[in-house]
S.K.: 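Okay, here's the structure, questions in a sec.
Quick caveat: nothing in here was measured; it's all calculated off a predicted structure.
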Amino acid sequence: MFRLAHWGITLARRRALVGIEDDPNAPAPVKRLARIARLATFTGKSGHRDYAGAFRAIGPAAIKLGQSLATRPDLVGEEAAQNLLSLQDDLPPVPFSQIEEQITATFDQPIDTLFAHIDPVPVGAASIAQVHKATTTDGRTVAVKVLRPGIREKFAADIETYEWAAAHVEAMGGEATRLRPRLTIANFKRWSFSELDLRREAASASELAEDMAGVGGYRIPDIDWDRTNGRVLTIEWVDGIKISRRDDLLAQGHDLNAIANRLVLSFLTQAISAGFFHADMHQGNLFIEKDGTIVAIDFGIMGRIDRRARQWLAEILYGLTTGNYKRVAEIHFEAQYVPSHHSVGEFATALRAVGEPMRGKPVSELSVGQMLDGLFAITRDFDMQTQPHLLLLQKTMVMVEGIATQLNPQINMWDTSGPYVRDWIRDELGPESAVADRLKEDAQTLFRLPDLIRRIEERFPAKGGAPEAAPLPEIPLLTDKRERSGGGWLGYFIAGAAGAGALWGAGLLGWI
């Protein structure tokens, strides 16, 4: 409660809660709390609403949460989402002496046995870790990522508060229940704790490298496993130009249109073909080498989609590309994204109203805000609940689209992705694939039959051996009699206490 009160005051001072006050879909108790916090800080409604500044002032976990909420305009509003997109994950660096102590302690050996030299000035300092350029004892140039001291404990305390607050908001019902804030925090918790274990990040980089081994023009740096543990990650140093430095790329003679197309197709390969994708593909995490190869770094946030969901996703993208809105609507019902009491035809018409204005136009002529408004209006009208496996994918698609547009303002995302998605659907969902899947499934079932028979025999053994025990008579217990008579004085006491607690809780919620 103390942390929430402190955060509420911080948000109110920067007018970051005014949107909640004005939102007709926000639960009434939350709106009242937002108004109380604003009045307590003597802040008026008019003026600049600095959402990014408020989250930055609260701390590292809030920075990460703000970046996650930037992809949820349905939850925080379009204005807040746009402002949170500018939230940069950079903080003042930790003194190098603390970094050195962290490395020495985690490896339990002097630092000079691992690295011949480490630059004490970091090349980057974020909310979770900071990165230093180093040379290993065998002469290789590497990047060393080290967790900030105490960051795991700080995140654990803050996320516990987020969970508590989200549970109370969702219990208020209505729009708050449909948007599933508890699920949003659960996903955020999973992503954050994954980022806080650098061995997981190293494993993710290794897995993605295997998935993308056959894709030309895109690669993942090598991991130095001997110098990597839960708090330290050592990875190959990348000599390249950040993908955001457009003028430098042109000066080096790179084909920006080709890079933009390759970026989109590499993302589709990860998301649709592999089902495992780099979910933090912002401009600071992508480099272009001299030969035009895209090199990705920072694998703390990864997304995973199972095969059935990937098939649905591919069909949805292809349906939107070709204007087959009826099939897109049917997939939403098959995937149970839309409750069955709604009409497929009406949902297809609603999709057409959003999709038709976008088809055939370059990204530069599209209004992302208008498109999202239309999509979120559909989700509300058709009672669609938030889908956890699509949240991270949506965030990454927005990032990739933004980078591709900067490289080539005239790129058409539909035309770029359409042929790839069409070919994947033909290979994965065509007749040959269906026959192969059926043969594989039936063969696996056949091979399981012997084991199934053995388990049945163990459960129902043949007659013989020790005789079965005779059934024991039922004997009424004292506890059973007490239950029949109402539970005694202890039962009345527990029931009374529970009733009083419920009344007190209802009164407290009413006051809020």
Side-chain angles (χ1 to χ4, degrees), residues 1-14 16 37 50-72 76 84 86-107 122-132 144-169 181-202 204 228-233 279-280 282 284-285 298-302 392:
M1 290 295 290
F2 176 79
R3 275 197 293 267
L4 282 174
H6 172 68
W7 296 344
I9 293 298
T10 303
L11 291 164
R13 283 175 178 160
R14 291 166 174 80
D50 186 11
Y51 300 95
F55 277 81
R56 193 180 299 110
I58 290 173
I63 292 174
K64 286 293 184 183
L65 179 62
Q67 291 175 327
S68 178
L69 293 176
T71 65
R72 296 295 309 277
V76 299
L84 288 172
S86 66
L87 187 57
Q88 297 298 314
D89 190 9
D90 54 359
L91 291 175
V94 173
F96 182 68
S97 59
Q98 296 183 26
I99 296 298
E100 192 171 11
E101 290 175 5
Q102 183 95 311
I103 296 174
T104 302
T106 54
F107 285 103
V123 295
S127 56
I128 286 179
Q130 63 188 54
V131 180
H132 293 258
V144 183
K145 183 175 183 178
V146 186
L147 289 184
R148 288 176 173 267
I151 195 64
R152 287 179 175 174
E153 295 74 17
K154 172 65 175 171
F155 262 70
D158 286 358
I159 289 176
E160 183 182 6
T161 307
Y162 298 156
E163 290 176 319
W164 188 88
H168 283 76
V169 170
R182 293 183 66 188
L183 188 59
T184 299
I185 298 302
N187 287 329
F188 172 71
K189 179 180 181 178
R190 188 175 70 253
W191 304 333
S192 297
F193 284 176
S194 178
E195 282 193 271
L196 291 167
D197 184 351
L198 297 185
R199 282 172 299 196
R200 292 272 299 275
E201 180 175 343
S204 296
T228 295
N229 58 33
R231 294 181 181 270
V232 180
L233 167 64
D280 201 13
H282 62 71
N285 288 340
D298 196 351
F299 307 95
I301 305 177
M302 304 295 293
L392 209 53

S.K.: Output the distance between atom CD1 (I9) and atom CG (L4), rounded to the nearest 0.5 Å.
M.R.: 11.5 Å
S.K.: Testing the basics here: between I151 and P60, what is the closest heavy-atom pair and its distance to 0.1 Å?
M.R.: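 Minimum heavy-atom separation between I151 and P60: CD1-CB, 4.0 Å.
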S.K.: Go through the side-chain N and O atoms of T161 and R3 and say whether any donor and acceptor fall under 3.5 Å apart.
M.R.: yes
S.K.: Would you indicate whether the side-chain heavy atoms of T106 and V146 approach each other to under 4.5 Å?
M.R.: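 A side-chain contact is absent here, since even the closest heavy-atom pair is not under 4.5 Å.
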S.K.: Tell me if a side-chain donor or acceptor on S194 pairs with a main-chain N or O of R190 at a distance below 3.5 Å.
M.R.: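 No, because the side chain of S194 does not come within donor-acceptor range (under 3.5 Å) of the backbone of R190.
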S.K.: Is there a donor-acceptor pair closer than 3.5 Å between any side-chain N or O of D280 and the backbone N or O of N285?
M.R.: no
S.K.: Considering all heavy atoms of both residues, which atom of S204 and which atom of F299 are nearest to each other, and what is their separation?
M.R.: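 Closest approach of S204 to F299: CB-O, 3.9 Å.
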S.K.: Looking at CZ of F96 and CD of E101, how far apart are the two atoms once the value is rounded to the nearest 0.5 Å?
M.R.: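 Taking CZ in F96 and CD in E101, the distance rounds to 11.0 Å.
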S.K.: Report the distance from atom CZ of R182 to atom CD of E163, rounding to the nearest 0.5 Å.
M.R.: 8.5 Å
S.K.: Determine the minimum heavy-atom distance between N229 and R199, stating which atoms define it.
M.R.: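 Minimum heavy-atom contact is C-CG, 3.4 Å.
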S.K.: Would you name the heavy atoms of R148 and A125 that are closest together and state the gap between them?
M.R.: NH2-CB, 4.0 Å
S.K.: Give a yes or no on whether E160 atom CD has more than 12 heavy-atom contacts from other residues, nucleotides or ligands under 6.0 Å away.
M.R.: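 Open.
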S.K.: Looking only at atom types and distance, does a side-chain atom of E201 sit under 3.5 Å from a main-chain N or O of E195, one as donor and one as acceptor?
M.R.: no
S.K.: Mind checking whether R231 and R152 have side chains closer than 4.5 Å, heavy atoms only?
M.R.: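 Yes, side chains in contact.
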S.K.: Indicate the atoms forming the closest heavy-atom contact of P149 with Q98, along with that distance.
M.R.: CG-OE1, 3.8 Å
S.K.: To the nearest 0.5 Å, how far apart are CD1 in I159 and NZ in K64?
M.R.: 11.5 Å
S.K.: Within a strict 4.5 Å, meaning less than it, do heavy atoms of the Q102 and V94 side chains meet?
M.R.: no
S.K.: So if I apply the ring-ring contact (aromatic ring centres under 6.0 Å, His included) rule between W7 and each of Y162, F2, F55, which one comes out positive?
M.R.: Y162
S.K.: Do you know the tightest heavy-atom contact between D298 and K145?
M.R.: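 Here D298 and K145 meet closest at OD1-NZ, 3.3 Å.
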